[in-house]
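Written out below as structure tokens is the structure these notes cover.
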Amino acid sequence: MSLDRSPSPLRSGGWSSPGLTSPYEEANGTRSPGKRAAYGELNGSAQPGVTWGSARAKSARVNGYQQNGANGFIGRHYRKMSESLPSYFAHGGQEDRYGEKEKLGRGRTGWSGGGSSGGGGFLRWLGEIPRRLGLLLSRRRRGVAVFFLLVMVALLWFQKPLTAMWNHSALLGGGSKFVIILAANQGGGVMEWKGPREWAIERDSVKNKKKYAERWGYELDIVDMSTKKRYAHEWRESWEKVDVIRRAMVRYPHAEWFWWLDLNTFVMEPSYSLQQHIFNDLTTNTYRDINAYNPLHIQHPPNGTSGDPNAPKYANYLDPETLSPVGDGKPESVNLIIPQDCGGFNLGSFFVRRSAWTDRLLDIWWDPVFYEQKHMEWEHKEQDALEYIYTNQPWIRPHVAFIPQRKVNAFPNGACGDDRKVPEGGCSTLRLDQMEGKDHECGVQGIHYQESERDFVVNMAGCEWGRDCWGEMYNFRQLSNRLNRSRWERFKDWWSDEEAKKAKAKEEERKKDEEKAKV
Amino acid sequence: MHFAFPPRKSSYSHPYAARSSRSPFLRRTRLPQYLGLFALGAFCLYFLFLRSPAPTKPPPGTPGAVVVTVIDPDLSKSYIEAIKDNRKDYAARHGYVTFFPNTTDYALGDSPKSWSTIPALRHAMTLYPHTSYFFYLTSTALIMNPSLSLHSHIMAPTRLESLTLTDIPVVPPDSVIKTFSHLRGDRIDFVMTQDQEGLAGGSLILRSGEWAKYFLDAWFDPLYRSYNFQKAEAHALEHIVQWHGTILAKLALVPQRILNSYTRDQSGRTDGIYVEGDFVANFHGCQRDENRNCEEEMQPLLSRWREIRDRERH
């Protein structure tokens, strides 16, 4: 529009400026007739013989303004609404005109500089805001205002996107520092066809991790592990863990920790964040000295002679840090966190950190000479290879930490022996010297999932050999849902339980009565 | 008493009336400003000095390099003395130290004695944890130009960048794995040469650090030792360099005469043959070949070296 203010109806009806576009037309006097006609058409005026009514209708068609004003609820009440608004909201034409007339600003504190002239007036208006807010609060409505403010904050906070953004951001929640690598479709493809159960397992597992990652703002990288003839040297089949981790490191260049998860795992407690569960306090949540729990009987610290008592004088040529059972003892030097089950390292759920050390580990992990000599023996592939290089290459040890299995990789009952249960009242009731041992599931030797301890992740390792993966996953899913019910759901369940009890009691009473009556 | 009008006030307002109330306000607000400025300054200082800590200086008395030679105790005494003297003289000139372990000092099991090179280097790193260069020289070689220091002759980053042979097959003549074409001198941790057959492990320089530990431990892996590589640790080295990028990325190959001139070359190649003035003369193969005798072969160059040493001493 060429006008310096929008055309608006007068209070008494009709237009404030009938010659809507005439200044424009004059200004464009040099235009070609054709164009001019088009503009005239557009703006709805200036053609000979045009009545006020038709011009107004055309203008309305273009502006879409009067149309609203003419009909509909909003239209009918618009004027009332705008009048009742505080003056700084209704800075349409009328207020401007008042402003122009009242150059001296008598009696109009907020807007006296003339709203349309911008700059100083606007600043003054900004300056007014605290006073107006104060007024709003100082009146009797203060309580109400505070209440609404709180409600607004709560609403905003519990909106998913906002919490997700907070959790994800590197500075606040730190979620983008973590990547969950979920290995889907393991062994699929060439090796076997997937049935409905396998699909269901995959769907459930993926959904579970998706929800968890979303909640805490972690990245989720679902990788297809189906066996493909991808390499020139095909014997490397299904040794892809290393490549997958490397690829994830490229894909998420700002992430720090990468959490590998097998498909047969289930996050039982989505309310635990990785930071609070593990990474905020690596020193107490992990152990560096493998002698604390050493199912493989790896000699630690390494001494270069594999335990030969008649070793020559320079047998132990390694540096003190490598010989220390705990490396340098600082949590910053931990680059790999693995759980151990009853048979040694378990790579169903483990963490690696991006570092030069990790690059080296991923590089040396697979080697054709190792593979050629050992591939028949190493039936757990990468897992056995890692155990091997951990044992035989001393540079690895100072940067590896172990984590009690139940913290990230609890087994269901039956895997690795039977559940030994936790003592009455939980592991926290044990004295420190009773903590370790084989007669219960506490400490670093704990293996099996404990419902009462609310373990974080369960890994149905080995369920594909003779056990029912889908059944196990179903049961754990149900259990997780039940354990993590919301209060409202708990209340509903309690209510329906009570109702059921009452109904049962009634039924029994009725039966008794009937029997009595019979007798 | 009541007056009809309030007492008369001056019609002039004080022009700076507001001042009295504003100045303490201003003074009050200065404090946060100063605090803010101080915080900003501290932040900048933190970034300037603490974020990039000066490289930790080694404690005084740390040798600049360690010359490592692993000695086979079966060799003749005079020979052992001669090569020890050769290295000790070189080390004394530049503030380096020497380290002469025996091949039998490390538990090698059934693997060939030559594998002891690797634990010897690892051992030297343990003994001198703050030293940055470890120079391994085989017992069949002599340092013939003792005036050259390791740093200025090879390891200074710009010097190293100009020496490095880039984009050549790691194992000549036709390995598909080639050395990196862009390497920064200060990121190179491992310098060695090639001879006609492959990587020449007789003379190499290693920069200490986490990478060096990784490299040595990986190289010394029992599965490589048991694999029966034809030339033991030399072939194991060629293997890991070609299969593991994290090792190749730290390796610089330099022209053979910079670090490892041979006194003779069976293949007839001449660009690696020792010329007077070269850093090292290596009697390559004299121990392996039964028709050769290292001590005898070494005599002329040994006396030449003694001449050089005595001339420069007086």
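Letters A, B, ... mirror the listed sequences (proteins, then strands); counts begin at 1.
- For B:Pro119, the parts lying near chain A are the backbone and the side chain together; criterion is any non-hydrogen pair under 4.5 Å.
- The ring pair (Phe, Tyr, Trp, His ring centres under 6.0 Å) check on B:Tyr128 picks up nothing, with sequence neighbours excluded.
- With a 4.5 Å cut-off on side-chain heavy atoms, A:Trp366 and B:Trp243 count as touching.
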ask   = Could you go step by step and tell me if A:Asp319 and B:Arg122 meet the side chain to side chain contact (heavy atoms under 4.5 Å, CB included) rule?
value = CA-CA 8 Å; A:Asp319 58 299; B:Arg122 188 84 152 88; 2.6 Å; yes
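- Using a 4.5 Å cut-off between heavy atoms, B:His239 touches chain A through its side chain atoms alone.
- Closest non-hydrogen pair, B:Leu223 versus A:Gln373, comes out as O-NE2, 2.8 Å.
- At a cut-off of 3.5 Å, with distance as the only test, no side-chain donor of A:Tyr317 or B:Asp105 sits close to an acceptor on the other residue.
- Judged purely by atom type and a 3.5 angstrom limit, B:Asp217 uses its side chain to pair as donor or acceptor with the backbone of A:Trp395.
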request  = Start with the C-alpha distance between B:Glu210 and A:Arg360, add both sets of side-chain angles, then the distance that settles side chain to side chain contact (heavy atoms under 4.5 Å, CB included), and finish with yes or no.
outcome  = CA-CA 10 Å; B:Glu210 284 291 308; A:Arg360 291 167 199 153; 3.7 Å; yes
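- The number of heavy atoms from other shown groups lying within 6.0 Å of CG (A:Leu126) is above 12.
- For the residue pair A:Gln393/B:Tyr214, the side-chain donor-acceptor check at 3.5 Å is not satisfied.
- Most heavy-atom pairs under 4.5 Å with chain A: of the set B:Ala120, B:Ser226, B:Ala124, this distinction falls to B:Ser226.
- Counting only distance, with no hydrogens or angles, the side chain of A:Asp363 and the backbone of B:Gly245 share a donor-acceptor pair below 3.5 Å.
- Using a 4.5 Å cut-off between heavy atoms, B:Phe229 touches chain A through its side chain atoms alone.
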request  = List the steps, then state whether side chain to side chain contact (heavy atoms under 4.5 Å, CB included) holds for B:Phe220 with A:Asn392.
outcome  = CA-CA 9 Å; B:Phe220 196 58; A:Asn392 289 293; over 6 Å; no
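- With respect to chain B, the highest number of heavy-atom pairs below 4.5 Å among A:Thr322, A:Leu323, A:Asp367, A:Leu362 belongs to A:Asp367.
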